[in-house]
There are 2 protein chains.
Amino acid sequence: MSKTPARDGLRSAILGGEYLPGERLVEAQLMTRFEASRFTVRAALQDLAGEGLVQMERNRGAHVRKVPLGEAVEITEVRMVLEGLIAARAAERVTDEQASELDEIGLLMRRAVDAQEYRRYSDLNHRLHSLVRQIAGHGTADRIVETLRGQLVRHQFMLSLLPGRPQTSLPQHERVIAAIRDRDPKAAETAMRDHIASVIEALRSIDFPGGPA
Amino acid sequence: MSKTPARDGLRSAILGGEYLPGERLVEAQLMTRFEASRFTVRAALQDLAGEGLVQMERNRGAHVRKVPLGEAVEITEVRMVLEGLIAARAAERVTDEQASELDEIGLLMRRAVDAQEYRRYSDLNHRLHSLVRQIAGHGTADRIVETLRGQLVRHQFMLSLLPGRPQTSLPQHERVIAAIRDRDPKAAETAMRDHIASVIEALRSIDFPGGPA
DNA sequence: CCTCCGAGGATTGTTGACAATCTCGTCAGC
DNA sequence: GCTGACGAGATTGTCAACAATCCTCGGAGG
């Protein structure tokens with residue numbers, strides 16, 4: 001999937017928060033940063049623009065795209081139905097080995113919440129969703145979810161700071177795991193959708209006074 | 001959304017079937033065809049590659065991407081859940097005026113099927129899905145569905161040739177319309193998903209002997 | 001007759017320079 | 001003091017030439 005080191009480097013730089021939303025991406029700077037020619041840098045920018053991470057305006061250059069809250073909600077709604085589809089399919093195709101791997105992640109999650117290790121919980125959360133997608137083996141849905149996730153890194157970061165979130169989402173995760181382990185597609189889809197629906201509510205609750213400056 | 005005439009021209013040429021799947025897209029030819037510089041042509045190709053219409057291989061040029069049947073099914077599965085989401089949201093937001101517009105399309109569809117005007121029915125089908133998306137006003141889902149639809153033009157063309165399809169899908173469309181008109185999101189989602197699920201079945205039934213040559 | 005190899009043409013990849021446009025500071029006029 | 005035109009610098013847009021790679025076709029050897 002990687003086209004050029006410059007593209008991947010810029011991508012992870014944006015995702016890692018080195019370039020903030022709205023920040024200008026000057027081609028000359030990127031050239032020195034990634035030791036790439038202008039040709040390569042432009043290709044990377046155009047590529048990431050197609051992915052929704054970068055916004056390009058004619059004669060005004062490229063910026064890190066700023067995703068407004070309303071769009072973040074939309075994106076998460078789309079993720080809700082897509083990951084629902086993925087969960088259902090995972091329930092159809094899961095192997096015994098994968099099922100126990102799911103169970104283990106669930107166990108670790110519970111321990112992390114009990115120990116209030118929220119950073120660890122967040123990592124496990126990502127690992128869980130990843131594993132479910134891998135089990136489902138739905139390339140098309142997978143690709144779309146992954147690009148959408150990229151556009152939300154900043155918002156998801158804010159979410160992880162919300163107090164009480166892990167306590168809310170842990171039982172939801174456990175229901176997803178149980179449904180997939182029991183090979184019940186319908187229940188898996190419902191559980192996953194309920195889970196992400198609660199993420200949407202949390203997102204909406206952020207009517208942050210600091211605001212979209 | 002249009003970036004350059006060359007990009008849009010090439011896009012509709014591919015969608016219109018002027019370039020067949022697998023066909024090579026030689027930069028020099030496109031330059032003369034669209035009276036654009038090589039720079040512009042390359043940008044267009046890269047853009048359409050991001051949209052999944054074109055496949056680029058290093059040093060081997062660009063081809064019209066060939067979507068295998070299995071992926072067409074995947075794409076339609078994604079469309080199923082996305083259009084389900086869209087239908088539900090349309091049911092929440094539909095105005096009286098839009099509702100009667102939906103009803104009128106339904107009426108015209110029934111007439112078209114009765115008169116066996118299948119080409120007209122296909123147009124109405126597209127118009128119906130478009131209107132539902134417009135009512136929903138879900139920019140993110142809309143964009144994704146539109147790009148997915150682009151990748152399927154060829155397969156959808158084959159579908160429209162399947163005998164008996166209109167008779168199958170007409171009542172499904174009518175249920176979608178009724179649910180949105182009645183402002184019942186859950187029913188609208190279910191109806192839309194059932195409808196597209198039947199499209200998926202039809203797709204799977206195409207194990208065409210002519211084959212992917 | 002088949003296979004392997006190489007030269008030539010065609011096509012794409014990359015570079016650097018130049019043109020067009022925007023941004024921002026400066027200064028004249030009111 | 002304020003407004004608006006002007007111009008220098010910075011940045012992006014575009015192009016044409018050159019380099020690298022691939023593909024085809026023909027021929028030599030077995």
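Model, not experiment: these values are computed from the prediction.
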Practice task
For A:Leu25, report the nucleic acid contact type (base, sugar-phosphate, nothing); a contact means any heavy atom under 4.0 Å.
Solution key: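 Contact class for A:Leu25: sugar-phosphate only.
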Practice task
Could you check B:Arg149, B:Gln134, B:Glu83 and say which one makes a side chain to side chain donor-acceptor pair (under 3.5 Å) with B:His129?
Solution key: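 Of all the options given, the one that passes is B:Glu83.
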Round to the nearest Å and state the distance from [X] atom [atom1] to [N] atom [atom2].
{"X": "B:Glu57", "N": "D:dT21", "atom1": "CD", "atom2": "C1'", "result": "14 Å"}
{"X": "A:His63", "N": "C:dC22", "atom1": "NE2", "atom2": "P", "result": "13 Å"}
{"X": "B:Met31", "N": "C:dA10", "atom1": "CE", "atom2": "C1'", "result": "14 Å"}
{"X": "A:Glu27", "N": "C:dT14", "atom1": "CD", "atom2": "P", "result": "16 Å"}
{"X": "B:Glu23", "N": "C:dT11", "atom1": "CD", "atom2": "P", "result": "14 Å"}
{"X": "B:Leu45", "N": "C:dT12", "atom1": "CG", "atom2": "C1'", "result": "11 Å"}
{"X": "B:Met56", "N": "C:dT11", "atom1": "CE", "atom2": "P", "result": "15 Å"}
{"X": "B:Asn59", "N": "D:dC23", "atom1": "CG", "atom2": "P", "result": "9 Å"}

Practice task
With the side chain of A:Arg24 defined as its heavy atoms from C-beta on, choose the nearest nucleotide among C:dT12, D:dT12, D:dT14.
Solution key: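 Comparing C:dT12, D:dT12, D:dT14 against the side chain of A:Arg24, the answer is D:dT12.
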Problem - Gap separating the NE2 atom of A:His138 from the CD1 atom of A:Ile144, nearest 0.5 angstrom - result: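 Between A:His138 NE2 and A:Ile144 CD1, I get 8.5 Å after rounding to 0.5 Å.
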Practice task
Enter the distance from A:Asp194:CG to A:Ser169:OG here, rounded to the nearest 0.5 Å.
Solution key: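 A:Asp194 CG to A:Ser169 OG: 13.0 Å, rounded to 0.5 Å.
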Exercise for the section: Using a strict 4.0 Å threshold on nitrogen-to-oxygen distance, state whether B:Arg89 and A:Glu77 make a salt bridge. Expected result: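 Yes.
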Practice task
May I ask you to evaluate whether B:Arg42 reaches the phosphate of C:dG13, defined as a side-chain N or O under 4.0 Å from OP1 or OP2?
Solution key: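 Yes, such a contact exists.
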Practice task
Respond yes when some side-chain nitrogen or oxygen of B:Ser37 is under 4.0 Å from OP1 or OP2 of D:dC15, and no when none is.
Solution key: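 Result: yes.
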Exercise for the section: For A:Arg58 and for B:Arg58, find the nucleotide of DNA chain C with the closest heavy atom, then tell me which residue's nucleotide is more 5'. Expected result: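 Of the two residues, B:Arg58 wins.
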Handout entry: Earlier contact from the 5' end, DNA chain C, for A:Arg60 and B:Gly61
Key =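 Comparing both residues, the 5'-ward one is B:Gly61.
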Exercise for the section: State, without any angle test, whether B:Ser122 and B:Arg165 hold a side-chain donor-acceptor pair at a distance under 3.5 Å. Expected result: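 On atom types as modelled, these side chains do not qualify, holding no pair under 3.5 Å.
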